[in-house]
Amino acid sequence: MSTLLGDVVTRLFTDRVSKELIESAEKGAWPAALWREIEEGGLTMPLVPEARGGAGGTWLDAYAVIHAAGRHAVPLPVAETILAGWLLSRAGLDVPEGPLTIAPVHLDERVRLTPVGSRWRLDGTATRVPWGRDAGHVVVVAPSDAGTVIGLVAGNGATVITDRNLALEPRDTLTWSDAEAVAAATDLPADVAWRYGALVRAAQMAGGLESLLAQSVRYATERKQFGKAIGSFQVIQQNLALLAGHTAAAGMAAAHAFRCAERGDAWFDIAVAKTRVGEAAGLGAGIAHQTHGAIGFTYEHSLHFTTRRLWSWRAEFGGEGWWAAELGRSVARDGAEALWPKLTAR
Amino acid sequence: MATFRFALNELPPEAEGLRAEVREFLRREVSGHGAKGRSDSWSRWDPEFSRKMGARGWIGMTWPKQYGGHEKSALERYVVLEEMLSAGAPVSFHWIADRQSGPLLLRFGTEVQRQRFLPAIARGELAFAIGMSEPDSGSDLASIRTRAEKVDGGYRVNGTKVWTSNAHRSQFLIALFRTRVVPDKKHEGLSQFLVDTKTPGITINPIIDLTGEHHFNEVVFQDAFVPEDMRVGEEGNGWRQVSTELAYERSGPERYLSSFALLRAAIADASKEPGERAAVTIGHLVAEMATLRQMSLSVAGMLQAGENPNLEAAVVKDVGTTFEQEVPEALHALLGLEPRIDTGSDLGQALGFVMQKAPSFSLRGGTREILRGIIARGLGLR
Ligand SMILES: Cc1cc2nc3c(=O)[nH]c(=O)nc-3n(C[C@H](O)[C@H](O)[C@H](O)COP(=O)(O)OP(=O)(O)OC[C@H]3O[C@@H](n4cnc5c(N)ncnc54)[C@H](O)[C@@H]3O)c2cc1C
């Protein structure tokens with residue numbers, strides 16, 4: 001199913017996500033028609049059971065959509081909505097229509113969900129919330145004695161201070177005080193938003209790297225200097241082969257982590273993916289820009305839609321340094337002899 | 001843009017069952033070796049170990065039973081390979097024969113050749129060397145000049161092969177010779193031969209590597225006679241065959257596991273609560289290695305499906321050898337430990353060993369530059 005789905009999303013995004021659309025989103029416009037098409041195509045709920053109105057798919061279906069969204073620099077909270085829908089489903093809550101986001105997105109930020117009769121009350125502040133201003137609803141994650149509580153609050157229940165990341169994607173500060181919410185306790189880990197946020201960013205980045213490779217190879221065959229295509233110079237070929245290696249590694253690491261998410265506990269594989277893909281993102285952006293020369297450094301050219309995203313996404317939900325340290329500590333804790341059996345059991 | 005396909009691959013249950021058996025075997029056979037010994041897996045020569053593997057049915061695993069094979073899947077074979085290498089088992093004796101010489105004979109050899117060589121290889125009794133490179137022909141392999149001239153009943157060979165690993169202790173080599181000189185068409189007129197290393201007219205001179213070890217050689221042919229029935233495949237088909245052989249050579253897990261014993265020793269040396277720098281270094285290297293394993297497994301899946309993974313194998317070898325070379329560099333930067341030959345800690349010795357071997361990782365089996373050229377062609381740039 002995920003291959004078929006991949007074809008469907010690729011077709012949709014290729015047709016609809018034009019340079020003009022991304023530019024207008026960067027100026028603050030909400031691409032409502034595109035959102036409607038994505039939603040009506042059932043692409044936002046791969047991880048919501050059919051009984052709750054979703055597609056009842058797998059994490060690999062989610063990968064196909066999120067990867068393609070990254071590949072095409074789709075300026076919408078596709079990944080966030082998919083993740084939020086999964087969290088709600090795990091909590092046994094209904095998933096509303098419209099764009100969703102998740103909060104808090106920082107490991108050290110806490111919001112409070114307090115039960116009041118059959119309802120809940122939400123208080124607190126979350127910074128850097130993706131598409132905070134645009135989300136119809138926000139899915140909040142709050143640790144509690146009864147487990148990790150997943151709450152759903154209407155988007156207009158918060159005061160919003162707008163901000164953005166390097167790619168001009170909204171990253172807003174939301175503050176709730178005594179906001180109405182529905183919520184339920186789950187057995188999800190307390191860091192679930194951070195952990196799975198890292199997972200979806202890895203897939204988006206892997207998609208972004210594919211775009212960089214394709215754009216760079218195309219440019220190298222079109223641009224002529226010294227009387228021939230620059231792609232015929234061996235140094236350019238070697239650099240693009242290196243980019244191809246990083247792209248392949250990134251895709252593999254990300255896809256594997258999604259497969260592990262489908263199987264169960266994927267912490268290790270998410271740490272691997274966010275580390276490896278984050279490293280590839282920086283190196284890949286460098287090669288792509290070098291290949292494109294000055295034209296790639298202009299706003300006019302579309303290369304930066306991807307490179308600016310990669311520079312932000314690799315830092316969001318923990319950069320590769322943070323994840324590498326966590327991964328290294330976990331490997332050291334388990335002991336050297338446990339590493340190989342661990343790798344082969346994934 | 002032509003492109004690569006790295007699909008997720010999953011090992012079947014029978015392969016995972018086999019893994020437990022292999023681990024049990026390795027626990028008995030190699031658990032005593034230190035990190036330095038385990039760093040030297042596929043160049044450590046141990047005929048007895050290979051015979052034990054043969055007895056287990058772990059050589060020639062995918063070959064037909066009629067040739068002493070075991071008709072297992074490529075994925076079961078993959079599990080045996082990765083377990084052997086990750087444990088640092090001494091697999092050198094049978095490695096080349098199992099990986100490329102046997103499959104080559106199976107594909108292009110005569111019935112008589114298959115009957116004669118394959119069962120002995122599968123028993124772990126026959127070692128092969130690879131006679132491709134020459135003093136003036138490295139990356140430009142098709143430019144080789146060693147001549148095999150047709151004479152009565154066979155060929156008379158003159159010329160020199162070089163870097164021939166294990167030629168001095170292998171019974172046979174499979175060599176690429178020029179049987180016909182076709183001006184301006186260097187890929188034509190090449191043929192492959194099974195050569196008995198004891199043939200009169202062959203002199204094998206040791207070449208000592210920078211660590212002081214003797215594992216590769218210069219092999220000089222002076223009017224050496226090779227019988228007609230020892231030619232592999234059609235006369236003139238050598239280039240196509242050697243390309244197939246190089247694909248076997250490049251697609252396995254040995255292209256990312258060479259430094260694993262060292263990495264494992266460094267993890268063991270770090271305490272259970274490593275400092276920040278140590279944690280970042282270990283995490284970074286483990287992330288790379290875990291990713292490479294999935295990539296390598298993906299190539300194995302393509303082989304099993306009968307697809308041609310040449311490009312993907314080149315990508316894995318390029319990324320994999322870069323990782324293998326990064327391990328000693330990263331650990332040097334982290335530990336500040338003096339690399340040692342045979343004194344001091346086991347970790348220091350493993351570091352010294354891998355550091356000195358590392359330059360060869362991106363040379364043997366095709367240099368990094370040549371591989372990237374293959375990848376660039378795959379991208380449509382050449
Ligand atoms: C440990 C070890 C074991 C080996 N065992 C065997 C064996 O058993 N049998 C066997 O036949 N061979 C063996 N080899 C030889 C190996 O295949 C060659 O080393 C390899 O093919 C490169 O050839 P070369 O060393 O002559 O380097 P060269 O081809 O001379 O290359 C030198 C440098 O120039 C670069 N270069 C060459 N051509 C190009 C180009 N077109 N574009 C860009 N850069 C280029 C190379 O990448 C390299 O960096 C072994 C080598 C090593 C290191």
> How far apart are the C-alpha atoms of A:Tyr196 and A:Trp59, what are their side-chain angles, what is the distance that settles it, and do they pass the ring pair (Phe, Tyr, Trp, His ring centres under 6.0 Å) test?
Replying inline: CA-CA 11 Å; A:Tyr196 285 82; A:Trp59 278 99; 5.3 Å; yes
>> Using the rule given for side chain to side chain donor-acceptor pair (under 3.5 Å), can you reason through B:Thr322 versus B:Glu326, listing the C-alpha separation, both sets of side-chain angles and the distance that settles it, and then say yes or no?
In response: CA-CA 6 Å; B:Thr322 301; B:Glu326 186 185 1; over 6 Å; no
>> side chain to side chain contact (heavy atoms under 4.5 Å, CB included) for B:Leu381 and A:Ser232? Distances and angles first, verdict last.
In response: CA-CA 6 Å; B:Leu381 293 170; A:Ser232 66; over 6 Å; no
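The choice from A:Ala249, A:Gly321, A:Gly251 that makes the most heavy-atom pairs within less than 4.5 Å of chain B is A:Ala249. Among A:Gln234, A:His256, A:Arg329, the residue with the largest count of heavy-atom pairs under 4.5 Å with chain B is A:His256. Ranking A:Lys274, A:Arg346, A:Arg263, A:Lys342 against chain B, the residue ahead of the rest is A:Arg263, based on heavy-atom pairs under 4.5 Å. With chain A as partner, the option from B:Glu273, B:Arg5, B:Glu83 having the largest number of non-hydrogen pairs under 4.5 angstrom is B:Glu83. Heavy-atom pairs under 4.5 Å with chain A peak, among B:Glu10, B:Glu369, B:Lys272, at B:Lys272. Note on A:Arg333, A:Glu320, A:Glu337, A:Arg259: by heavy-atom pairs under 4.5 Å with chain B, the leading option is A:Arg259. Most heavy-atom pairs under 4.5 Å with chain A, from the set B:Ala7, B:Gly373, B:Gly283: that is B:Gly283.
Neither the backbone nor the side chain of A:Asn239 comes within less than 4.5 Å of any heavy atom in chain B. Interface residue A:Leu339: only side-chain heavy atoms are found under 4.5 Å from chain B. Neither the backbone nor the side chain of A:Ser330 has a heavy atom closer than 4.5 Å to any heavy atom of chain B. Neither the backbone nor the side chain of B:Arg277 comes within less than 4.5 Å of any heavy atom of chain A. In this structure, chain A has no heavy atom under 4.5 Å from any part of B:Leu311. Heavy-atom distances place no part of B:Ala266 under 4.5 Å from chain A, backbone and side chain included. At a 4.5 Å heavy-atom cutoff, the contact between B:Glu16 and chain A is made by side-chain atoms alone.
With 3.5 Å as the limit, one finds a donor-acceptor pair spanning the side chains of B:His284 and A:Glu279. No hydrogens or angles considered: a donor-acceptor pair under 3.5 Å links the side chains of A:Gln204 and A:Arg201. Using a 3.5 Å distance cut-off with no hydrogens or angles, the side chains of B:Ser86 and A:Trp340 do pair a donor with an acceptor. B:Thr321 and B:Gln325 are not linked by any side-chain donor-acceptor pair at a separation below 3.5 angstrom, with hydrogens and angles left out of the test.
Annotation: residues 288-303 of chain B contacts chain A through B:Glu288, B:Met289, B:Ala290, B:Thr291, B:Arg293, B:Gln294, B:Met295, B:Ser298 [non-hydrogen atoms, separation under 4.5 Å].
Counting heavy atoms of neighbouring residues, nucleotides and ligands inside a 6.0 Å radius, atom CD of B:Glu24 exceeds 12 of them. Within 6.0 Å of atom CD in A:Gln290, 12 or fewer heavy atoms from other residues, nucleotides or ligands are found, so the atom counts as exposed in its surroundings.
Screening A:Leu303, A:Ile287, A:Thr291 against A:Leu212 for a side-chain contact (heavy atoms from CB on, under 4.5 Å) leaves a single residue, A:Leu303.
Closest heavy-atom contact between A:Ala325 and B:Val280: CB-CG2, 3.7 Å.
Remark: aromatic rings of A:Phe317 and A:Trp322 are distant, center separation not under 6.0 Å.
With sequence neighbours left out, the ring-ring contact (aromatic ring centres under 6.0 Å, His included) criterion links B:Trp58 to B:Phe25.
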